[in-house]
Amino acid sequence: MDKRSSDDEDEKDSPKSKRRELGLSCMLNTEVGSILAVIRRPPSELNSPYISTIDETYDSTIQQSLKSLRALIFHPQQKWRTIDPSIYISPILDVIQSDDIPAAATGVALSALLKIIKVEIFDEKTPGAKDAINLIVIGITNCKLEKTDLVTEDAVMMKVLQVLAGLMNHRASYLLNDQSVCTIVNTCFNVVQQSASRGDLLQRTARYTMNELIQIIFSRLPEIEVRDGEESESDTEDADLGGSLDSGYGIRCVIDVFHFLCSLLNVVEIMVEVGDGGLGSRTADEDVQLFALVLINSAVELSGDAIGKHPKLLRMVQDDLFHHLIHYGAASNPLVLSMICSTVLNIYHFLRRFVRLQLESFFVYVALKLASFGNSTQIQEVALEGIINFCRQSSFILEFYVNYDCDPLRWNLLEEIGKLLCKLSFPTGSPLTTLNIQAFEGLVIVIHNIAEKLDKHKEETCGGGGNLRVYPAQVDEYIPFWEEKSKEDLDLEDWLRYVRVRKAQKKKILIAGHHFNRDEKKGLAYLKLSLLVSDPPDPKAYAYFFRYTHGLDKQFVGEYLGDPGQFHVKVLAEFTETFEFTGMILDTALRTYLETFRLPGEAQKIHRILEAFSERFYELQSSNTFASKDTVFVLCYSLIMLNTDQHNPQVKKKMTEDEFIRNNREINAGKDLPRDYLSELFHSISNNAIILSPQSGLQLDMNPSKWVELMNRSKIIQPFMSYDFDPRLGRDMFGCIAGPSVASLAAFFEHADEDEMLNECIEGLFSIAKITQYGLEDTLDELLAMFCKFTTLLNPYASAEETLFVFSHDMKPKLATLAVFTIANNFGDTIRGGWRNIVDCLLKLKRLKLLPQSVIDFEVASTSSNDVARSDSGVIFPSQDPKFCTQQSSGMVSRFSQFLSLDSMEDSLTLNLNEYEQNLKFIKQCRIGNIFSNSSNILDEALLNLGRSLIFAAAGKGQKFSTPIEEEETVGFCWDLIITMTMANLYRFQVFWPNFHEYLQTVVQFPLFSAIPFAEKAVLGLFKVCLRLLSTYQPDKIPEELIFKSINLMWMLDKEILDTCFESITQSVSKILIEYPANLQSQIGWKSLLHLLSATGRHPETYDQGVETLIMLMSDASHITRTNYTFCIDCAFSYVALKNSPLDKNLKILDALSDSVNFLVQWYRNYCAESGNSFSVASNASSSSLDEKGLGSSNFALTLFLKLGEALRKTSLARREEIRNHAITSLKKSFVLAEELDFPPTNCIGCFNNIIFAMVDDLHEKMLEYSRRDNAEREARSMDGTLKISMELLTDVYLVYLKQISESPGFRTFWLGVLRRMDTCMKADLGSYGESSLKDLIPELLRKIITTMREKEILVKKEGEDLWEITYIQIQWIAPGIKDELFPEECF
């Protein structure tokens, strides 16, 4: 509010304003009166032996000014905020600054001044406020006391502190100039120092006030504008940084105060050197140091990132502050170290962009070093807690990984932190130490941090689904690994690839370093092989490799750099270029240089190396001390010789300073170097030897030379960058510490006893499982292997009783079991080889009777996604649970917490549950059934591994069975799980089953493989899958072919399988052929089913069902196709050929066979009617293999008919006469029906030759065979009758196809064949059993044939043909009695 508005308000509220002004006047009058009253009191009343009598001069000056002030207080026109505050403040300040005023009066005066400040008689708009407030500072800091007692002095100093604090809190405090603010801080700190020997109250008040002042000053920093003068870091320009006359104090005082605070950190070293070095002084000094850290923390917290806007203040943080923090942090007590860690954490929060190298140095030289073994437990715990506090920050892990671990020139800080946490958390025995627990909590924090970010990213991007696999980055092209790019220069994807490739380069660099230490040439060759060096090689690549690769053999590096080869010299030059010697004196630069390699012993190599160093140092020198690089070179040699002289115990007579200076005369272009400079070098070398670098490794301490180089390098590198999380980086981050993390987690779980610790282990386990979804499957497999060991189920040395007892009475094995199966339920996608351990645990539970006979009820689990599978013992396994269908793991930890609670144990006791019931209750929590019934949610690769584990386990791989019953139960259980899993994944059957079939082929090759019961259980299970597949129409026949290949593989292993499983096989085959024949599309499917149907028909128990199935199938024209026709014929023949089979069934089969010719006729008609030689839908199911047999061409009808005729021909040789005769009748019927197939003449003759002629010949042979046997008259007569029917068939069929046959070029030969068989049958003889009935039949048949042939003018005399003559001659031989009748013209 401006002045005018303030006046308006005063006029508007005049009574209130008057009351306020009157109140202020009264207050001021009271305070002045109090001061006068104390001054006037006689010394005896003041009760102080130190107060002398007040002289008249003093009374006339001090009192007169106070009285004058009193006279002005109640001026009628007075408004205090319009009066210059100096008018009423100056008399009070005179009292405070007076040498002769008693301490009591000084105290009252300070109280009055504090009251004036508190009630704000004046404000920032009051005229003269700026001068007045600065005047107060001068007056307070010049406060003088007569000698008095300590208590009074303490009271006065406390009043001083209150006034200073009140002044800084006043609304006009910003009018203070820089000098006044610094004076206030300095005065307050003087009180802090004096209070060290005073009362505790004064000390606490002083420290509190100091802290309050710092907070006020630095809380204003964000409001201070950045001025042009701040861009320069030169201290000579500090005068330009002060606040203006109007704005008050500015950045100058902030810089001075912060510099003062930083200097307090150095108090330990200073005071220890000045004092007696006793323990008491060090403790007091460290207390000051601790107080300084508290103040610095407050300053950083309140200033925030505003420090980064002011270069001089930022430089102080980067250089002075961090140097002190690192220096004293490496050697301090736990309390100071804790404050240092907090300070660095605050700097990380607000200024990490500007302190990239400083943060790295803090972790390398302080945090990681002190947290490692070799330090006191207290120091370890404090350092470890500091590291863990960093890890708790959301962005810390990612930012440190990208800024350091992904930079080939920086330390692997995140990896080192992770490995340290793993190492410290790894228990060496029981019980766990506090350090173990603390480190493990830190490790879990890191793991949780990565897992939570991955979860969050997954929800934001893909909604929690999809394939999460991330592949590691590869170095596929040469990119200079030392060149750093800014994130702003690349788009997101390019930057991400750049970062990941740099990490891959860094890994290869470390590998090359290991090779280099063993063999120099192999290491450098590996750099080329890994595309880390260009072609032709760039010397800069080798230079940066030698300079920044940790752990290199320093001797090898020195030898390489000193080599005279041209390329080696270039590498040396580039190597030296990596050093920043700006601001260093010569010995410091030389120390820095020689720390990176071991100086070789050969003089020429030393010459080359020092020459390169001299040139670089001369180039970067900030002064004109050296005339040329030759001066530097000579002086370097001199320093090395001095170092040897001073620190080699074999040198008895040491060089003096004068001798050293004399030795280096006129080396600077004929002139002498400054004596002071040489003297400084001499003392530096004498007091601190140049330690030649050891063979390998680094000295983990921060020395001045390293710090100077760090500051130089911090000016040219990329700043600390913040990044957005990406799952690829999350995967890479955890991949760096995956192995140690898993080992530590498992070891900690093994030694932990408390529920809280066990719960932390489980949380860590689940977080690792989440992370491993991103391409770290091996890590999860390793973790599962360890936790499966903790279940005690896989102990090969424990008996079943021992394992059962431990499992039932120990919480940890149950917890491990529950964890394993929970991971299997929720993270099955990521499991690969770990499935084997899970299956082994499951089978062990089965053998211990901790599982029911069958975990999965196949039929129930496979019917519906909402059904519930119930085991034989009542354990329920939901086949589908929405909570577990996705990979979400929310609620898992809460279930474990509930499982760990004591209440659950007490509930079991309260409910009087026995051991077996408690185990069943536990099994229900494991949700084992869901692993398999919900396996549709896991990826293909995981599914293949699970199936492989089950198949191998069922085949006995890694299993030991005590009894055959146990083996059978285990194998059956495995196959139940395989089938359940297969049912749940039918939608991708053809993706995974080819691999499953390969696994089956593999296991049958095992040396000790037993087909029984493996194949037996397999066949039963596979038919369940087959039924499910064929229950619905499949657009592709591949799944059908795959399952039947496996079925055939299994039952062919041992033919006994068909005898042991014939009932189940028959039921399955019958169900498929009756209910789902339309869904059968493949040739192998029909062939397998009909073959198995014929095979199981041998058993009386299943014969009737098989026959009915076959007859029903062959009676339905819609299901008989060209594809399955031949298989139906084979199956039918096998049933007819069975001994002692029911006659009526066989006759029905034969009728069905003959009727099936109608199918051929219909197919042939369709074929002829369709254009382009296409066929019906059923015919399109034929495969290329059918084409080879003629089924895919126009000859398919002939091919199929020949198959039918062949079957009937074979049947005509059956032992039972009824079947033989009916077979011939059916064959006749078949030929008659086949007339519509329009067989060409050649094909007709072929049918006769292959079927009818062959049948007649076989029957004739059989008849003769029986006629020669003893006591076989009935069989001979029976066969004679069958032959008679067959000849009638020959005649009838011949006459039916006479026209086609006569048109064939081979008709003459064919006709001779007919006559020959007539002749054979005419001469047939039953031997001792009498005459054959054929002798009467044959003439009749010949008469019928020839008469018809003559009528159709087929048998007529023609010129050039001898058919008539041949026939006439043959009739004379066969049946001379009918010759004249058939050939009357020949009689004349």
Side-chain angles (χ1 to χ4, degrees), residues 329-342 344-345 362-392 396-397 413-449 700 734 736-768 782-783 786-787 789-790 792 810-813 815-816 819 893 896-897 900 902:
S332 60
N333 62 33
L335 190 56
V336 173
L337 177 60
S338 178
M339 284 305 303
I340 288 176
C341 291
S342 298
V344 176
L345 179 60
F362 173 77
F363 273 90
V364 172
Y365 299 112
V366 180
L368 292 172
K369 180 180 178 182
L370 296 183
S372 302
F373 292 111
N375 299 290
S376 67
T377 304
Q378 287 184 335
I379 289 292
Q380 274 188 287
E381 290 178 354
V382 173
L384 187 59
E385 183 59 34
I387 293 173
I388 293 173
N389 283 334
F390 274 91
C391 294
R392 289 191 175 99
F396 169 79
I397 295 176
L413 285 188
L414 181 63
E415 184 175 347
E416 292 298 325
I417 289 173
K419 290 180 178 179
L420 176 68
L421 293 174
C422 294
K423 185 177 182 180
L424 295 179
S425 64
F426 198 96
T428 56
S430 296
L432 296 172
T433 65
T434 55
L435 192 63
N436 292 146
I437 297 173
Q438 185 184 15
F440 183 75
E441 290 174 351
L443 178 62
V444 171
I445 287 172
V446 173
I447 296 171
H448 286 338
N449 188 305
L700 293 181
F734 184 73
C736 296
I737 59 172
S741 297
V742 169
S744 298
L745 179 65
F748 194 88
F749 181 83
E750 184 177 11
H751 290 83
D753 294 321
E754 297 181 6
D755 291 350
E756 183 179 356
M757 294 294 100
L758 293 174
N759 197 44
E760 281 197 25
C761 289
I762 297 302
E763 291 178 0
L765 174 65
F766 290 149
S767 291
I768 291 178
E782 183 181 355
L783 192 59
M786 293 182 177
F787 269 77
K789 180 187 71 173
F790 297 142
T792 69
D810 191 351
M811 180 66 69
K812 194 176 292 185
L815 188 61
V893 176
F896 274 86
S897 300
L900 280 169
L902 294 175

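For the single chain, residues carry numbers from 1 onward in sequence order.
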How far apart are the C-alpha atoms of Ile397 and Phe390, what are their side-chain angles, what is the distance that settles it, and do they pass the side-chain contact (heavy atoms from CB on, under 4.5 Å) test? CA-CA 8 Å; Ile397 295 176; Phe390 274 91; over 6 Å; no
| task | Quick one: do Val382 and Asn333 satisfy side-chain contact (heavy atoms from CB on, under 4.5 Å)? Show the steps, please. | result | CA-CA 10 Å; Val382 173; Asn333 62 33; over 6 Å; no
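Not counting sequence neighbours, the partners of Ser372 by the side-chain contact (heavy atoms from CB on, under 4.5 Å) test are Leu420. Among residues two or more places apart in sequence or in another chain, the side-chain hydrogen bond (donor to acceptor under 3.5 Å, both in side chains) test is passed with Gln380 by none. Taking the side-chain hydrogen bond (donor to acceptor under 3.5 Å, both in side chains) definition, one finds that Lys419 meets it with Glu415, sequence neighbours left out. Asn436 meets the side-chain hydrogen bond (donor to acceptor under 3.5 Å, both in side chains) test with Thr433; sequence neighbours excluded. Residues meeting the side-chain contact (heavy atoms from CB on, under 4.5 Å) test with Glu754, sequence neighbours left out: Met757. Scanning for ring-ring contact (aromatic ring centres under 6.0 Å, His included) contacts around Phe787 gives Phe749, Phe790, with sequence neighbours left out. Every salt bridge (Lys or Arg N to Asp or Glu O under 4.0 Å) that Glu385 has, sequence neighbours left out, goes to Arg392. Under the ring-ring contact (aromatic ring centres under 6.0 Å, His included) criterion, Phe426 pairs with no residue at all, not counting sequence neighbours. Not counting sequence neighbours, the partners of Cys341 by the side-chain contact (heavy atoms from CB on, under 4.5 Å) test are Leu337, Phe362. When the side-chain hydrogen bond (donor to acceptor under 3.5 Å, both in side chains) test is applied to Thr434, the partners found at least two apart in sequence or on another chain are Glu381. Among residues two or more places apart in sequence or in another chain, the side-chain contact (heavy atoms from CB on, under 4.5 Å) test is passed with Pro813 by Thr792, Val806, Phe807, Asp810.
A distance of 5.0 Å separates CG in Leu435 from CG in Leu424, rounded to the nearest 0.5 Å. Atom CG of Leu758 sits about 8.5 Å away from atom CZ of Phe748, to the nearest 0.5 Å. Atom CD of residue Glu760 and atom CD1 of residue Ile437 lie 9.0 Å apart, to the nearest 0.5 angstrom. Ile387 contributes atom CD1, which lies 8.0 Å from atom CZ of Phe396 (distance to the nearest 0.5 angstrom). With values rounded to the nearest 0.5 angstrom, Leu368 atom CG is found 10.0 Å from Leu384 atom CG. Note: Ser332 OG to Leu370 CG = 7.0 Å, rounded to the nearest 0.5 Å.
Between Ala439 and Ser425 the shortest heavy-atom distance is CB-N, 3.5 Å. Counting all heavy atoms, side chain and backbone alike, His751 lies closest to Pro427 at ND1-CG, 3.4 Å. Here the shortest heavy-atom pairing between Lys369 and Asn375 reads O-ND2, 3.0 Å. Here the shortest heavy-atom pairing between Leu765 and Ala819 reads CD2-CB, 3.6 Å. The shortest non-hydrogen separation linking Ala383 to Ala371 is CB-N, 3.7 Å. In terms of heavy-atom proximity, Val446 sits nearest to Cys391 at CG2-SG, 3.8 Å.
Under the 4.5 Å side-chain criterion, counting only non-hydrogen atoms from C-beta, Ser741 is in contact with Leu443. Between Leu745 and Phe440, some side-chain heavy-atom pair lies under the 4.5 Å cut-off.
Around NZ of Lys812, the count of heavy atoms belonging to other residues, nucleotides or ligands within 6.0 Å exceeds 12.
Pairs passing the side-chain hydrogen bond (donor to acceptor under 3.5 Å, both in side chains) check and including a residue from residues 439-448, sequence neighbours excluded, read His448-Ser767.
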